[in-house]
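In what follows, a structure is listed as structure tokens, so that the remarks can point back to it.
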Amino acid sequence: MVSTVRAVLRRMRGWLDVRDEGNAAMAGVALVCAAALLLSLIAAGGNIVLRRGQARTVADLAAVGAAQALWYGETETPCVLAGHIASANGGAIETCMVDGDDVQVRARVATQVPFVRHVTAQARAGPRPCAAAGGVQHARAAGRSVCAGAFPRPARVMQPVF
């Protein structure tokens, strides 16, 4: 019985020795491929997170710039100004809507990830409501409203050009 087991073990050892050659190399290649895939996924996720933050910044800047230009009457087309601000900051405007004194902007920023071409963010900017500012709302001749009270609308100073 013992001799039979020894004979079987010798045959198995010979069979295992022949079949084991090169398995460690294949396991090493598979491990390197798995590590490369994991690092690629981490890099892609990081790029998406960074671009999403950039899209939020672009949307905020474009909305605030357009709302300020609208509020001070510097331009009749605040959405064109929002587009210029967005492109200067590495983004583009998908939608821009003027609602009274508020400007709502949706900005898009391109990513470097193959399956996620771009990320978007939305921002809204305009003056605070009069109730929040502690003032009283009055109608202007142009149809927009202004607050008078603790936080009135700042007066625009015109300087002569010589």
Side-chain angles (χ1 to χ4, degrees), residues 23-162:
N23 282 343
M26 292 306 292
V29 169
L31 185 62
V32 168
C33 288
L37 179 65
L38 181 65
L39 288 175
S40 297
L41 290 175
I42 290 172
N47 184 273
I48 290 171
V49 168
L50 288 174
R51 296 301 179 176
R52 187 166 180 188
Q54 183 182 3
R56 284 187 198 135
T57 301
V58 167
D60 288 342
L61 287 172
V64 168
Q68 183 176 0
L70 179 67
W71 182 251
Y72 286 111
E74 295 173 356
T75 181
E76 292 297 320
T77 55
C79 290
V80 173
L81 178 64
H84 290 304
I85 292 172
S87 64
N89 286 290
I93 298 296
E94 279 189 352
T95 61
C96 179
M97 185 176 65
V98 177
D99 180 24
D101 289 337
D102 293 345
V103 177
Q104 187 170 355
V105 173
R106 180 183 297 267
R108 175 182 67 222
V109 174
T111 66
Q112 297 172 344
V113 180
F115 299 109
V116 181
R117 295 182 189 264
H118 63 272
V119 292
T120 61
Q122 185 172 318
R124 183 178 187 106
R128 294 190 303 180
C130 288
V136 179
Q137 190 170 4
H138 299 285
R140 274 194 351 175
R144 285 189 279 167
S145 60
V146 295
C147 295
F151 300 99
R153 177 178 173 184
R156 185 169 182 205
V157 178
M158 300 294 289
Q159 296 180 351
V161 178
F162 296 101

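The shown structure was predicted, so the numbers you read here are calculated from the model rather than taken from an experiment.
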Enumerate, atom names and distances included, each donor-acceptor pair closer than 3.5 Å involving a side-chain atom of residues 89-100, sequence neighbours excluded.
from	atom 1	to	atom 2	distance (Å)
N89	ND2	I85	O	2.8
D99	OD2	R124	NH2	3.0

Smallest separation among heavy atoms of [X] and [Y], with atom names:
X: A82; Y: V105; value: CB-CG2, 4.4 Å
X: A121; Y: A59; value: O-CB, 3.8 Å
X: D60; Y: A123; value: OD1-CB, 3.3 Å
X: R117; Y: P114; value: CG-O, 4.4 Å

As an exercise, state the distance from CD1 of I48 to NE2 of H118, rounded to the nearest 0.5 Å. 12.0 Å
Can you tell me how far apart CG (N47) and CD1 (I42) are? Round to the nearest 0.5 Å. 14.0 Å
Side chain to side chain donor-acceptor pair (under 3.5 Å) partners for R51, two or more places apart: Q54
